[in-house]
Asks: 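To start, I am sharing the structure in question, which I have written as structure tokens.
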Amino acid sequence: MTSVMGNPDATGRFGEFGGRFVPESLMPAVIELDSAFREAWSDPLFRAEYTATLENYAGRPTRLYLAERLSEYLGAEIWLKREDLAHTGSHKINNVIGQALLARRMGKSRLIAETGAGQHGVATATAAALFGLEAKVYMGEVDVARQSLNVFRMRLLGAEVEAVTSGSRTLKDAVNEAMRSWVAALGDTHYCIGSVMGPHPYPWMVREFQRVIGDEARSQYEAATGSTPDWVVACVGGGSNAAGTFAGFVDTPARLVGVEPAGGAAVGHGIGGIVHGMQSFFLQDEFGQINEAASISAGLDYPGVGPEHAHLHAIGRARYDQVNDDQVLEAVQLLARTEGIVCALESAHAIAWLVEHKQELLSSSIVVTLSGRGDKDVETIAQRLGFLEGEEHA
Amino acid sequence: MTSVMGNPDATGRFGEFGGRFVPESLMPAVIELDSAFREAWSDPLFRAEYTATLENYAGRPTRLYLAERLSEYLGAEIWLKREDLAHTGSHKINNVIGQALLARRMGKSRLIAETGAGQHGVATATAAALFGLEAKVYMGEVDVARQSLNVFRMRLLGAEVEAVTSGSRTLKDAVNEAMRSWVAALGDTHYCIGSVMGPHPYPWMVREFQRVIGDEARSQYEAATGSTPDWVVACVGGGSNAAGTFAGFVDTPARLVGVEPAGGAAVGHGIGGIVHGMQSFFLQDEFGQINEAASISAGLDYPGVGPEHAHLHAIGRARYDQVNDDQVLEAVQLLARTEGIVCALESAHAIAWLVEHKQELLSSSIVVTLSGRGDKDVETIAQRLGFLEGEEHA
Amino acid sequence: MLEKSLQQLRKSGRRILVPYVMAGSDPDWLSLVDLVIESGADAVEIGIPFSDPSMDGPVIQRAGELALARGVTPFSVLSELRTRSFSVPIVVMTYYNLFHHMGIERAVTELRQAGVDGVIIPDLPLEEGANWRAMAKSQGLETVQLVSPVTSLERVDEILAVAEGFVYGVGSMSVTGERAELAETATAIATRIRPRTTLPLLIGIGISNGDQAAAVVEAGADGVVVGSALLRRVLEGQTPSELSYFVSEIRAALDEA
Amino acid sequence: MLEKSLQQLRKSGRRILVPYVMAGSDPDWLSLVDLVIESGADAVEIGIPFSDPSMDGPVIQRAGELALARGVTPFSVLSELRTRSFSVPIVVMTYYNLFHHMGIERAVTELRQAGVDGVIIPDLPLEEGANWRAMAKSQGLETVQLVSPVTSLERVDEILAVAEGFVYGVGSMSVTGERAELAETATAIATRIRPRTTLPLLIGIGISNGDQAAAVVEAGADGVVVGSALLRRVLEGQTPSELSYFVSEIRAALDEA
Ligand SMILES: Cc1ncc(COP(=O)(O)O)c(C=O)c1O
Ligand SMILES: Cc1ncc(COP(=O)(O)O)c(C=O)c1O
């Protein structure tokens, strides 16, 4: 690796993390993908189509919005990077547009994907529809139930959704199932991983497809203030919105903060391990069995974290903190009531971190990535807050 | 009135339609509002704040997107004006930002609103939160049940939602209830009407706050093609997205088409009447009692239509057609599967019209306003299409 | 005939009581008209139910919904009225769309043929009502104008200039409905309008009992319109004698004021 | 010891049968190991259950889940093995994280002390395995390499260069599981790899019965690994004699091929 958040070497290492721990049956596929991505990413035509699709279709650039009432409340200057306004409602679309274009370039006619909150599944189904590809999405049975809105959206978009009933029936099992099915369909199928995780080149490739968040935010912040922010904050599930954001600021003095859910803090509470094709941090029991993550937000319920985050943590370039479900519910309401933005539970982790660290942040300027909108979560939130009590609910 | 879609005269007439049929108790309020709006709208500072809020906060300009796969399917060039990507998920935010700024300027501390699909209610709750105002939203009990997602969103945003149990318990009754409550709270409350309807100055004011759709689309289309489109199409409930769109193209040769739901076609099946403060077309029985509208889309379930549409129809400048629920369900799926866009049932009326008129439209270029996204409708659609069969549904 | 009759009462020193009855909310509604007349009404306001009564509170809404559910139409109300004559003037209250829908010429004719003396159309303000007023006037139908607590004095005078029958002073910034306490605006508007007109000045909306009625006439009004307070009792199924007692009480309070 | 033993069999002309047993899926699993040895196994592959068996199909997943639910751990499996010795080599199959988590030095030591001769780690490919292989080799633990139907010949040779024990030819582009029909890739990979190595070549994944086993040895393989087909029968609760019959059938088919 040449520099922090530069391109990884051929083995896909970020320091000691990353790599390519896949069965031999998948090895040719990830090697092919690596070279296809390297080639495409250095092809101006590919980049141009990727960028044009994000602009014309997905609504990029998303705004960097100075949240005045929240700023006032926190005594700091809060700039929200509005991925909630991207098509399909989260940053996941950035990555998926990139991978779908790449899949098409590689001659694949079909996408498969795992999904937790359903946002990546919806994004995949969306890109598949847009480019005329087939799509099948694996989703833990538990998540199918708690994110039913997104299940319907995927089906409406023409994707097949398979409820995964093995293991803990959440995101990690959906990843397992997607990998299993990929082996049997390598010829025509691209596995569209939804975060900066999995075997090389995924963590790198997904970060590159998401760096548009950070690159835009950097220049938007600069255009607005002539300077760089003191802090850059994003929630971390697999870590793609955080990685994409950090990539834009890693070479500035900004302090980078990834916010994990207390119930799924792979950096905070995990230890080194090798699962899902990568060496990173994972929640594990004393024997190395992977533990389930458990937080209010399906999209952060992943017991691992992208290997580059493990590295950024190891070298001290980024800080990783946790917030709990109650803080997150408070934060959703705070943002809704001060700024009129109902954000995703995932994104609310970043807001909750601001609230917890109010004293430390006083008078500083902070770019926060609001990774998605909260429509998919409103029912969960309403139930937790008791809004549903005694009400008709169709 | 000076020109088609110009400013109306002091009595708020569009030809024979419009006017200001309100009780004397409300008369000073609508007169005050008229002059406040006139003054604000000609104040560059007000305009600048309105525009800046739409840009920085609501994500404007929304894209004008050439939908290639849909175009291919229809044999015509379809450009979608992507109001679905605006903050809160529909064009309703444009109007509400304008009215909330105006309310603040008038010294009001509270907004009330009626809502059908809930999009205007959510937009109102959003703007209220953003500007630190109180909000109360009236919504027919029937709509509360069928658009529960939006009810939760409004509450999360801090708005009070009142289920209206009088009359048909849908949008028209919510309007009645909002007017009733406004009388009792004129001092501190602005009634934020959600469409180009109600007494003068609302139909004009709301059209002006929505003309940003048409103005943007006009210049985006021109920038992309150097020309103007052959057709401009939008769905019509009260008619605000259509009016805002048409305003940008009324002085071009484009043919303007408003698409009403077959079950709520005030222009198509209504007759002249005077309700909700305005003279226009309404669905009525033989005695002049107002009939309920009944379509699959709550946001178009209004038995009236904005007076300017009645006028555009009367003078032949715009054409108004209808599509039925089945066509709309087909259209939602068509757009989802060809373009990866799950649109609102309201907006799908415009797409359904394209499908029905495919022959007439062959080889022409068409700007279609996609007024909103479909998240709020996914459950309804899934139920109607039988996606829910035999599935767990949390 | 409406104005003349009320002016006579006024000159005779009698306070004016106008109860409101919803046409058709009950098959026997004409008996209720008789009952209120017997109990001391000086004119009766008769509501024709409308699907969207945006200026009415829950009681009058409910009465209207009952009437509509019974199949009552503007024509059915007018033909029932045509079969009867009353010892006091009849004032019809409804929303403008019903007349607009009939066509205003026909509406005025039908109203007159049914023996109606005046109309109250709450959603037809000064600016929009010229055609209607002209047509009505041409057939001797008097159109009552409303003034509200927030109407500027300048505008009050404009309204008074076209007023006929009586002036309807809106007592409360609200829709129709009862109030435990009289709104301050009810006495204030009476005091405010009184010096500006020689027409009978009645206060309505929110007048719920004899004390409140007395208070507004003491403030300068010539009388009151009583709607929801009466209709609520009707909807609750009170007996004719209970209803009569209620109207008589207000009558007495006015007479003593 | 694994390689040497299999090479001897190979030289003696015997086809090699390696059944797969999930450690701890049932309290009596060690009897199952004995049973398959008695029924003709030349080595036994013993699975240590892992929470995320991403290369296994439903049968082996289920067996692993049962074992984990019973509280089985890598250490419990190894200590059970330590109490026993077997007449054939023992090859442990599991995912790399369990060894990584123990630390590779300790893992290798524990495995050796438990009498394990070789390991199959499906998610530890050539590029990532150097440290592990070196450590294992230093203690005489043989690391089996897998080649798949999509591995290029160039890469096959690179893999074969570090291969020990035997070469595991992946018979099917799929996760573990039974197949009604033998995949074409199963015979093709045998034919393809055979000329490139003198190591014993076993085909696994998707070998479900005697006919299929015979077909791959006829195509050039030295034998087969049989996993899901056996484990399904175990999970279904077949009796020892039924299970023995199943293994013996494959043994016979191999011997006759
Ligand atoms: C809105 C949103 N934010 C964040 C995440 C977490 O993913 P990542 O950490 O890869 O950004 C998800 C995952 O579904 C999501 O939907
Ligand atoms: C998405 C969407 N489109 C259209 C409409 C109809 O309103 P209008 O005709 O005023 O644009 C609504 C109303 O709720 C809506 O939510």
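Note that the structure is predicted; figures quoted are calculated from it, not measured. So that the names make sense, note that chain A is the first sequence line, chain B the second, and so on, each numbered from 1.
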Asks: I'd like to verify something: which residue of A178(B), S25(B), P28(B) has the highest number of heavy-atom pairs under 4.5 Å with chain C?
Replies: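 It is S25(B).
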Asks: In residues 94-105 of chain C, which residues are in contact with chain B at a heavy-atom separation under 4.5 Å?
Replies: Y96(C), N97(C), L98(C), H100(C), H101(C)
Asks: Are any non-hydrogen side-chain atoms of V183(B) and M55(C) less than 4.5 angstrom apart?
Replies: yes
Asks: Relative to chain B, which segment of I159(C) carries a heavy atom at a distance below 4.5 Å: side chain, backbone, both, or neither?
Replies: side chain
Asks: Distance-only, no hydrogens or angles: does the S51(C) side chain make a donor-acceptor pair with backbone N or O of Q289(B) under 3.5 Å?
Replies: no
Asks: Would you give the length of the straight line joining atom NE2 of H276(B) to atom CG of D52(C), rounded to the nearest 0.5 angstrom?
Replies: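 CG of D52(C) is found 5.0 Å from NE2 of H276(B).
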Asks: Select one option (side chain, backbone, both, neither) describing which atoms of D285(B) are under 4.5 Å from chain C's heavy atoms.
Replies: backbone
Asks: In terms of heavy-atom proximity below 4.5 Å to chain B, should P58(C) be classed as side chain, backbone, both, or neither?
Replies: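 Neither the backbone nor the side chain of P58(C) comes within 4.5 Å of chain B.
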Asks: Tabulate, in ascending numerical order, the residues of residues 59-68 of chain C having at least one heavy atom closer than 4.5 Å to a heavy atom of chain B, or enter 'none'.
Replies: Q61(C), E65(C), L68(C)
Asks: Of all the heavy-atom pairs spanning E24(B) and L146(C), show the shortest one and how long it is.
Replies: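 For E24(B) versus L146(C), the nearest heavy atoms are CG-O, 3.4 Å.
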Asks: Output the option from M27(B), Q279(B), M179(B) having the highest count of non-hydrogen pairs under 4.5 Å with chain C.
Replies: M27(B)
Asks: Output every pair passing salt bridge (Lys or Arg N to Asp or Glu O under 4.0 Å) with a member in residues 118-129 of chain C, not counting sequence neighbours, ordered by first then second residue.
Replies: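 Matches after skipping sequence neighbours: R13(B)-E128(C), E127(C)-R155(C).
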Asks: Mind checking which of residues 165-178 of chain C sit less than 4.5 Å from chain B, heavy atom to heavy atom?
Replies: V170(C), M173(C), S174(C), V175(C)
Asks: Quick check on the interface: out of G129(C), P53(C), S54(C), who has the most heavy-atom pairs with chain B under 4.5 Å?
Replies: S54(C)
Asks: Could you report the tightest heavy-atom contact between P125(C) and F21(B), atom names first, then the distance?
Replies: CD-CA, 3.9 Å
Asks: Heavy-atom count check: over 12 atoms from other residues, nucleotides or ligands less than 6.0 Å from E181(C) CD?
Replies: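 No, the 6.0 Å shell around CD holds no more than 12 heavy atoms from other groups.
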Asks: Counting only heavy atoms not in E158(C), do more than 12 sit closer than 6.0 Å to its CD atom?
Replies: yes
Asks: How about E184(C): does its CD atom have over 12 heavy atoms from other parts shown lying under 6.0 Å from it?
Replies: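 No, because the 6.0 Å sphere around CD of E184(C) holds 12 heavy atoms or fewer from other groups.
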Asks: Using modelled atom types and a 3.5 Å cut-off, is there a donor and acceptor pairing between side-chain atoms of R180(B) and backbone atoms of G57(C)?
Replies: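 Flag not set: sc R180(B) to bb G57(C) has no pair under 3.5 Å.
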Asks: Find the one option among T11(B), V22(B), I274(B), V175(B) whose heavy-atom pairs under 4.5 Å with chain C are most numerous.
Replies: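 Between T11(B), V22(B), I274(B), V175(B), the count favours I274(B).
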Asks: Given a strict heavy-atom distance threshold of 4.5 Å, which part of P23(B) is in contact with chain C: side chain, backbone, both, or neither?
Replies: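 Both backbone and side chain.
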Asks: What part of Q284(B) lies closer than 4.5 angstrom to a heavy atom of chain C: side chain, backbone, both or neither?
Replies: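 Answer is side chain: those atoms of Q284(B) sit under 4.5 Å from chain C.
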